[in-house]
Amino acid sequence: MDDRAIDIARLIPWLPALSAVVCGVCCTSRKLRVLAAPVCIAAIAAAFVLTLKAYPHVFDDHGHGVFHVSWLFTWIRVGGFTADMSYYLDPLTMVMLIVVTGVGTLVAIYAAGYMAGDRGYARFFAAVSLFIFAMTTLVMADNLVLLYLGWEGVGLCSYLLIGFYYDKPSAVAAAKKAFIVNRIGDLGFALGIFLTYHQFATVQFSELFQILATQPSEASTPVQIIPFLLMLGAFGKSAQLPLYVWLPDAMEGPTPVSALIHAATMVTAGVYMIARLFPLFELSPYALPTVAIVGTATALFAATIAMCQYDIKRIYAYSTISQLGYMFLGLGVASTTAAVFHLLTHAFFKALLFLTAGSVMHSLAGQLDLRHMSGMRRKMPVTCWLMFFGCLALAGFPFTAGFYSKDMILADTLQKGLTGHSTLYTVLAVAGLFVAFLTAFYTFRLWFRVFMGPTKYEMGQEHGHGADHHPDGVSSDIKVEHHHEPHEVNWLMNAPLLVLAAGALLAGYLAHHWIGDMIQGSSARPLRQAIGAHGAAHHATLFGMDLHLAMMYISSVIAVVGIATAAYFHWLNRGAADRVAAKWAGLVRVLANKYYVDELNDSVIVRPLRFIGYLCFVFDRLIIDGLVMTVGFVPRMFGLALRPAQRGALQGYGIGMATGTAVVVLLVLMVYF
Amino acid sequence: MPETIGLHSFILSHFLLTGAVVFALGLVGFLSRRNLIVMFLCTEMMFQGVAISLVAFSRYHANDTGQTFVIFVLTIAAAEAALALGLVVLLFRRKRTLDALAWSQLHG
Amino acid sequence: MHYALYMASAIGAVAVYMMMPRRGYTPSRIGGLLGAMTLGGLWLYLAKALPATLGIADEAFVYYYIFSGIAIASSVRVITHTKPVYAALWFVMVVLASAGMFLLLGAEFMAMAMVIIYGGAILVTYLFVIMLASQDAGEASGEKGDYERLPYEPVAAVAVGFLLLATLLVASFNPAPANPAARGESDERIIATVLTDRPAKRLAEHTGAGVEGAPGLPTALADRASLYNTERIGLDLFRGHPLGLELAGVILLVSLAGAVVIARLRVDPQPDGGDGDAAGRLAADAV
């Protein structure tokens with residue numbers, strides 16, 4: 001039995017960990033610095049290869065998914081509590097590992113070119129390696145505590161990389177914001193873990209799933225609370241509605257980081273977590289609908305904001321939030337397959353979009369504003385078409401990756417609405433379709449604005465400005481060119497983009513059935529609230545057609561209409577766009593200001609908190625410090641009063657001693673007589 | 001034997017009075033005089049007062065241990081005199097003065 | 001009686017303070033007179049309460065007043081005299097007077113020891129030191145340059161000293177009634193239990209022989225009164241306090257060695273106040 005052959009997978013997190021150490025050492029010397037990128041790429045690529053090697057072992061002889069627990073070492077064992085460094089490997093883990101290490105490798109290769117000449121070159125790769133370590137630990141964890149370790153680990157790396165340009169105040173503020181907002185969610189997650197242990201006396205997935213499989217459908221109230229707490233963590237990490245505010249600001253980090261962490265992998269950790277613990281979420285009748293509603297609301301909300309943004313990376317950031325909303329919608333309708341499928345395709349095309357945006361930025365010296373660039377296709381043809389493919393996928397153009405996955409989510413939602421005669425899900429599906437239209441529109445608005453029309457551009461203001469920059473002046477030919485002319489980026493950067501573009505176009509078609517098998521073979525398989533998503537009988541029909549087929553037609557039309565609208569307003573007749581914008585100036589202003597959410601948060605949450613903090617500060621200064629100072633002050637006053645007694649003269653001390661003796665004798669006398 | 005036992009306690013108190021006065025005068029001298037030699041002389045005087053008390057008690061209790069203690073007191077007095085006077089000479093050689101205030105560097 | 005003692009202490013304190021050396025006029029005669037009157041008055045007051053049987057010969061008790069007066073007066077002179085040499089000589093007077101009192105108390109050996117050791121050995125050492133550490137001309141000639149006009153230090157010293165004296169006196173004239181075992185009546189019993197030769201007694205219990213019959217043991221304890229004072233002290237010292245005796249020997253040896261070491265230290269004179277490197281200068285000579 002080559003059962004243990006899967007143990008090779010245990011190395012997957014540790015290769016990047018080793019790389020992180022090596023890159024950290026590379027930080028120390030200018031000469032060693034260039035080694036960082038190859039080491040990092042090699043480590044992540046090796047992890048990818050190991051993933052592929054381990055891949056066949058998560059299926060039994062009949063092709064059904066099975067899970068393995070691969071024990072590495074004892075981590076925490078206290079009484080009956082066990083949380084070991086051991087890995088849970090099943091098809092869902094494999095999907096995540098392929099995304100993380102695969103996209104990670106491509107992004108690392110891209111970054112090797114993108115970050116060239118940056119002062120923090122080795123530091124960057126050390127952090128990326130560490131991130132891959134944490135992320136693989138997260139997806140491979142066999143217990144909630146280890147998952148939490150990875151969860152916090154990716155949060156830490158995210159913090160480090162958002163604040164990569166730590167001399168820039170906005171980057172530091174964004175890093176802090178990301179960390180603090182995630183803290184709120186993580187608190188819920190931690191409480192969820194505590195409650196899970198309290199209720200089930202274990203945090204290990206294999207045992208947990210065994211217990212859950214035998215749970216009655218109506219779980220007790222504490223058990224029903226668990227999914228809501230876990231959900232909070234997922235909303236924080238995956239930037240869902242109340243806690244999404246950190247993600248747009250996170251674009252302060254280097255673009256490859258935005259692509260890898262804040263689009264493809266880390267932000268999907270929440271989706272993964274809910275999928276992984278799906279049996280737990282099924283225990284509450286309200287948990288999944290909540291997830292669906294929040295997901296849809298987020299999708300709609302972020303998509304509308306994305307309509308009126310001008311910063312390329314911010315548009316993509318809001319787009320990411322919106323797409324994550326889709327994934328949560330998929331989870332919420334118990335269609336984990338669709339959610340994870342969208343996660344997979346989204347990883348490809350959003351990474352591609354971010355990286356091409358990075359290329360644009362790279363060649364325009366940090367320029368990211370749509371209003372200051374136009375007709376770039378003549379300058380950067382390769383980037384132009386690569387981004388075009390990414391945009392097609394994001395817009396859900398027929399037969400691209402995004403088309404399949406988004407369609408699956410929407411169809412499953414609609415099916416749940418129609419078969420269950422639930423108005424809620426029908427409304428959600430319609431909202432999802434509207435978001436699809438918006439997505440197509442804003443995606444191509446960006447693309448037409450940047451690459452079509454008359455060629456004109458303004459270079460970014462030197463290095464050290466814009467959302468991304470190279471803070472030091474180490475000689476670099478790429479950077480020297482910046483000053484003169486926009487240019488196509490080199491092939492070190494474009495090659496990985498080609499792979500991603502291929503993924504963005506083909507992953508949907510190729511992985512269509514594969515992903516279904518993978519999810520059905522894992523713990524994410526819906527047990528109780530299944531909607532016959534895949535392979536089961538399709539009850540619902542729409543316009544006399546199979547619902548999935550109907551949905552394909554509908555979303556194709558929507559995508560095309562969205563693209564066409566964008567083409568009209570932002571390519572053929574840009575004046576019309578301005579007129580419409582002027583007509584709806586109020587709405588545009590609200591959207592451009594992101595619904596004033598940051599301002600709202602500032603006045604509703606931050607300022608009161610700061611005021612409370614100020615009160616605490618005053619209390620601390622006046623009362624606490626006052627007490628402490630008084631405690632210190634009284635003896636000091638005594639000392640001041642007694643100091644003259646310490647004259648250093650022998651007799652002074654002698655008198656004190658004799659007085660003491662006299663007093664003692666007096667006391668003895670009083671007692672005796 | 002009537003002369004060795006039966007000392008009236010009131011008479012004992014008289015001797016104790018003398019001892020106490022000598023002791024207290026020694027203490028006063030030690031505390032008020034600044035000449036190192038006189039100060040040590042005063043400590044010897046305090047010993048003397050204690051010795052008077054001890055011998056008186058010895059007589060009152062018809063117990064010779066009191067006198068034995070005086071021998072020990074003498075021993076300590078002799079040892080102290082030897083060391084202290086040696087130190088006084090040393091200090092005097094250093095500062096050319098016997099004033100105790102010359103050694104008050106530790107004042108607060 | 002308490003108030004008499006407190007008052008006598010207070011007046012005595014004033015008298016001693018008046019006699020304290022100071023710059024300018026020192027009312028030492030008035031103070032001396034006041035002190036003598038205080039002591040005399042106190043004695044007269046106490047004499048009214050004298051018991052019928054003193055437990056001591058009446059003549060001897062008259063000598064007590066004489067020796068005690070000399071001792072106290074000499075003590076006052078010791079602490080009030082400005083010249084160390086005279087202070088030392090007055091101290092000899094204290095020693096002699098207390099030796100006289102020892103004689104009255106039947107402690108002949110202690111009286112002689114006092115005179116020989118204190119008057120002979122220790123005081124001579126003091127005089128040698130005074131000679132070695134001769135002050136500069138001003139102080140040696142008794143000039144009162146170092147003293148304050150109205151010294152405040154002696155005030156505190158006198159107050160504390162006489163506060164202690166008052167408490168001691170009150171304690172002396174009020175034997176603790178709470179502990180009858182410590183009073184004269186049961187002394188013989190205490191002596192019997194404390195001073196009996198315990199090893200001999202144990203030996204006797206084992207052998208069945210009487211204490212008197214134990215070999216090598218004098219019959220001293222059975223008939224203590226027949227022994228001389230010196231013999232009794234010797235017995236008490238060697239039989240009751242062998243460890244203390246050894247320790248006393250060790251102390252003397254150590255002080256001897258210490259005195260030798262101190263005497264061999266080489267010290268640089270520093271007339272203008274000390275500084276921090278005293279320890280360095282006190283390093284022993286490497287001979």
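To find a chain, count down the sequence lines: A is the first, B the second, and so on, and within it residues start at 1. Side chains are part of it too, since the values below use all heavy atoms of this structure and drop only hydrogens, waters and symmetry mates.
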Side chain, backbone, both or neither: which part of I52(B) has a non-hydrogen atom closer than 4.5 Å to chain C? both
Test side-chain hydrogen bond (donor to acceptor under 3.5 Å, both in side chains) applied to S32(B) and Y17(C), step by step: CA-CA 10 Å; S32(B) 62; Y17(C) 179 70; over 6 Å; no
Checking heavy atoms, do the side chain of F91(C), its backbone, both or neither come under 4.5 Å from chain B? side chain
Chain C contact via F15(B) - side chain, backbone, both or neither, heavy atoms under 4.5 Å: both
Stepwise, does the ring-ring contact (aromatic ring centres under 6.0 Å, His included) test hold for F10(B) with F173(C)? CA-CA 7 Å; F10(B) 196 69; F173(C) 282 93; 5.8 Å; yes
Checking heavy atoms, do the side chain of L46(C), its backbone, both or neither come under 4.5 Å from chain B? both
One option among L168(C), I233(C), V16(C), T125(C) has the most heavy-atom pairs under 4.5 Å with chain B, and it is I233(C)
Heavy-atom distance under 4.5 Å to chain C: side chain of F69(B), backbone, both or neither? side chain
Heavy-atom closest contact (S68(C) atom, T18(B) atom, distance): OG-OG1, 2.7 Å
Under a 4.5 Å heavy-atom cut-off, does chain C meet the side chain of A84(B), its backbone, both or neither? neither
Need one label for I71(B): side chain, backbone, both or neither, based on atoms under 4.5 Å from any heavy atom in chain C. both
Give the C-alpha distance, both sets of side-chain angles, the deciding distance and a yes or no for side-chain contact (heavy atoms from CB on, under 4.5 Å) between L50(C) and I11(B). CA-CA 8 Å; L50(C) 275 179; I11(B) 307 304; 3.7 Å; yes
What residue, out of V21(B), L87(B), L85(B), has the most heavy-atom pairs lying under 4.5 Å from chain C? L85(B)
Pick one of side chain, backbone, both or neither for I117(C), based on which atoms fall under 4.5 Å of a heavy atom in chain B. side chain
Which atoms of V38(B) come close to chain C, meaning under 4.5 Å heavy atom to heavy atom: side chain ones, backbone ones, both, or neither? side chain
What part of V88(B) lies closer than 4.5 angstrom to a heavy atom of chain C: side chain, backbone, both or neither? side chain
